[in-house]
Visitor: 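Sending over a structure as structure tokens; questions will come in a sec.
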There are 2 protein chains.
Amino acid sequence: MFIKNLPHKTVERLSQYRRALLMILSKEKTHVFSHEIAQMLHITPVQVRRDLMLIGYSGNLRKGYDIKELIELIGKIIDSERGQRVAVVGLGNLGKAFISYFKGKRSKLSMIAAFDINPEKINRVFDGVPCYHINQLTDIIKQNNISIGIITVPSEQAPEIAESLVLSGIKGILNYTPKPLNVPAYVYLEEYDMITSLEKVAFFAKKNDERFK
Amino acid sequence: MFIKNLPHKTVERLSQYRRALLMILSKEKTHVFSHEIAQMLHITPVQVRRDLMLIGYSGNLRKGYDIKELIELIGKIIDSERGQRVAVVGLGNLGKAFISYFKGKRSKLSMIAAFDINPEKINRVFDGVPCYHINQLTDIIKQNNISIGIITVPSEQAPEIAESLVLSGIKGILNYTPKPLNVPAYVYLEEYDMITSLEKVAFFAKKNDERFK
DNA sequence: CTTTTATTGTTTATTTATTAACAATGATAA
DNA sequence: TTATCATTGTTAATAAATAAACAATAAAAG
């Protein structure tokens, strides 16, 4: 399904809507109102309705949105029809955390491989994901048509890993190291640094505190 | 130091500027141009200059910005003068990742305590951080005047942990579970979900790929 | 049958964030 | 001394994101 130029933030929220909807799906409810979704995610009902408008979904005036239908539609929009395969590079704590957290999550993404240099980890399986030596990276990625790479290695090694990933034909990179990477324009890059997040929380917590006291 | 209403994004970038500046500080350079900072972080030089304008920092027309001075000024603005203490709740892979990643990072934030329910972890020290049982959470937080909490427990437990943190007087929470939390307005809450990030990368990687092929 | 109510869908307004434009500066070279 | 150059600092313009406003609708109540 094709919708032109969905805003970045809307894409992010669609993923969150789906997650939230899956959580309440079990609870024998079949429909949900925009303000209920909004409350779950700390946003406004207008925001929700606007996003749903953008993806062309219509709810029922009296009952709200059909949960199952909406989950399905979001999938049609944000998932790739043929699925996408993912690899984690770096099986330290963060890499392991990602894999175990990913485990059992539905969706069209499948975690295919992990890479490390530690001999104790290589050729073992972690939460269903086999670990290979980093020097097999290109081969495994090409063979399995893996299109997304998650970088969780020590930051010094991040640039060379990124380069290998790009050369192996990866399409998107999620970088969890504090080292900003350079990749060609045809590779989508997202960077996240935990310390930056923490410092942001610290700043606004301090500020908030001053405001409320 | 006080600057009124620094934009959210600017605060985030200030933290990144500092990180980047600390990285190049060693390299015997004393000054840096806006376009150099920009290149490191994949943003525009104007963005950098604008942010620095907002915090009232002036560079040298010919030499650029004094790296040490700028690092110091950013510290005065985003750090709390008296420092802030941090605790991690949940010592699984993600909690451990956070602690080990945090280790050795300067800044006015100090990691004081970790909490878990696993007896094998309790009363041990991880990367310099002592682990306590969760039922000691309130006591330890109050005793040590901890103001920031990071939640890395399984998502079902997140709401009760958040509640305990709030009752213990925490000022800011960084939630890494996919369960959105509710906290009073005087507590600053930041939520991050790895799967959402991954789905976003998957979406834009797919889109990018179509555009470039 | 009419009014009230709660909701959706959409347009318009506002706010926030980014980018463009350009004057001012002062070192360097002509 | 004068012109050239690369840079900063700031204002103005644009774009992206959010929120407000409100008509349309259909169920329920009177």
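Just the heavy atoms: all of them, side chains too, but no hydrogens, waters or symmetry mates, feed the values below. These numbers come from a predicted model, not from an experiment.
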Visitor: Could I get the full list of ring-ring contact (aromatic ring centres under 6.0 Å, His included) partners for B:Tyr101, not counting sequence neighbours?
Guide: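 In terms of ring-ring contact (aromatic ring centres under 6.0 Å, His included), with neighbours along the sequence ignored, B:Tyr101 is linked to no residue.
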Visitor: Toward the 5' end of DNA chain D, which comes first, A:Pro7 or A:Val46, by nearest nucleotide?
Guide: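 Taking each residue's closest nucleotide, the earlier one in sequence belongs to A:Pro7.
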Visitor: Angle between the end axes of the helix from C:dC1-D:dG30 to C:dA30-D:dT1, five pairs per end, to the nearest 10 degrees?
Guide: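 Axis-to-axis angle, ends of the helix: 10°.
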Visitor: Identify all side-chain donor-acceptor contacts of residues 38-46 of chain B below 3.5 Å with residues at least two apart in sequence or on another chain.
Guide:
from	atom 1	to	atom 2	distance (Å)
B:His42	NE2	A:Leu181	O	2.3
B:His42	NE2	A:Asn182	OD1	3.2
B:Thr44	OG1	B:Gln47	N	3.2

Visitor: For B:Lys171, what residues pass the side-chain contact (heavy atoms from CB on, under 4.5 Å) criterion, not counting sequence neighbours?
Guide: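 For B:Lys171, the residues satisfying side-chain contact (heavy atoms from CB on, under 4.5 Å) (neighbours in sequence not counted) are A:Ala205, A:Asp209, B:Ser147.
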Visitor: Between which nucleotides of DNA chain D, read 5' to 3', does contact with chain A run, using atoms under 4.0 Å from its heavy atoms?
Guide: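 Listed 5' to 3', the contact boundaries are D:dA17 to D:dA27.
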Visitor: Output, in order, the C-alpha distance, side-chain angles, deciding distance and verdict of side-chain contact (heavy atoms from CB on, under 4.5 Å) for A:Ile148 and A:Leu174.
Guide: CA-CA 8 Å; A:Ile148 315 279; A:Leu174 183 46; 5.6 Å; no
Visitor: List the residues meeting side-chain contact (heavy atoms from CB on, under 4.5 Å) with B:Ser58, not counting sequence neighbours, and say none if there are none.
Guide: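 With sequence neighbours excluded, B:Ser58 shows a side-chain contact (heavy atoms from CB on, under 4.5 Å) to no residue whatsoever.
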Visitor: Just say parallel, tilted or perpendicular for the rings of A:Tyr188 and B:Phe204, cut-offs at 30° and 60°.
Guide: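 Ring orientation, 0 to 90° scale: parallel.
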Visitor: List the atom of B:Leu70, the atom of B:Tyr57, and the distance in Å for their closest heavy-atom pair.
Guide: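 Shortest heavy-atom separation between B:Leu70 and B:Tyr57 comes out as CD1-CD2, 3.7 Å.
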Visitor: Any salt bridge (charged side-chain N to carboxylate O under 4.0 Å, His left out) involving residues 177-198 of chain A? Give me the pairs, sequence neighbours left out, ordered by first then second residue.
Guide: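 Sorted result for residues 177-198 of chain A: A:Glu190-B:Lys200, A:Asp193-B:Arg19.
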Visitor: Is there side-chain contact between B:Phe115 and B:Cys131, with heavy atoms separated by less than 4.5 Å?
Guide: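 The answer is no; the side chains never approach within 4.5 Å.
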Visitor: Answer with base, sugar-phosphate or nothing: what part of the nucleic acid does A:Thr10 contact at a heavy-atom distance below 4.0 Å?
Guide: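 Since no nucleic acid heavy atom lies under 4.0 Å of A:Thr10, the category is nothing.
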Visitor: For B:His35, enumerate each residue passing the ring-ring contact (aromatic ring centres under 6.0 Å, His included) test, keeping only those at least two apart in sequence or located in another chain.
Guide: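 By the ring-ring contact (aromatic ring centres under 6.0 Å, His included) rule, B:His35 matches B:Phe33.
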Visitor: Does anything in residues 187-199 of chain B come within less than 4.0 Å of DNA chain C? Heavy atoms only, and list the residues if so.
Guide: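 Within this stretch, nothing sits under 4.0 Å of the strand.
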Visitor: So, using side-chain contact (heavy atoms from CB on, under 4.5 Å) as the criterion, who are the partners of B:Ser15 when residues are at least two apart?
Guide: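 If we apply the side-chain contact (heavy atoms from CB on, under 4.5 Å) test to B:Ser15, skipping adjacent residues, the hits are A:Thr196, A:Glu199, B:Ile78.
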Visitor: Can you pull out the residues from residues 47-77 of chain B that lie within a 4.0 Å heavy-atom distance of DNA chain D?
Guide: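 Those residues are B:Arg49, B:Arg50, B:Met53, B:Tyr57, B:Ser58, B:Gly59, B:Asn60, B:Leu61, B:Arg62, B:Gly64, B:Tyr65.
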Visitor: Identify, with sequence neighbours excluded, every residue that meets side chain to side chain donor-acceptor pair (under 3.5 Å) alongside B:Ser164.
Guide: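 For B:Ser164 there are no side chain to side chain donor-acceptor pair (under 3.5 Å) partners, ignoring immediate neighbours.
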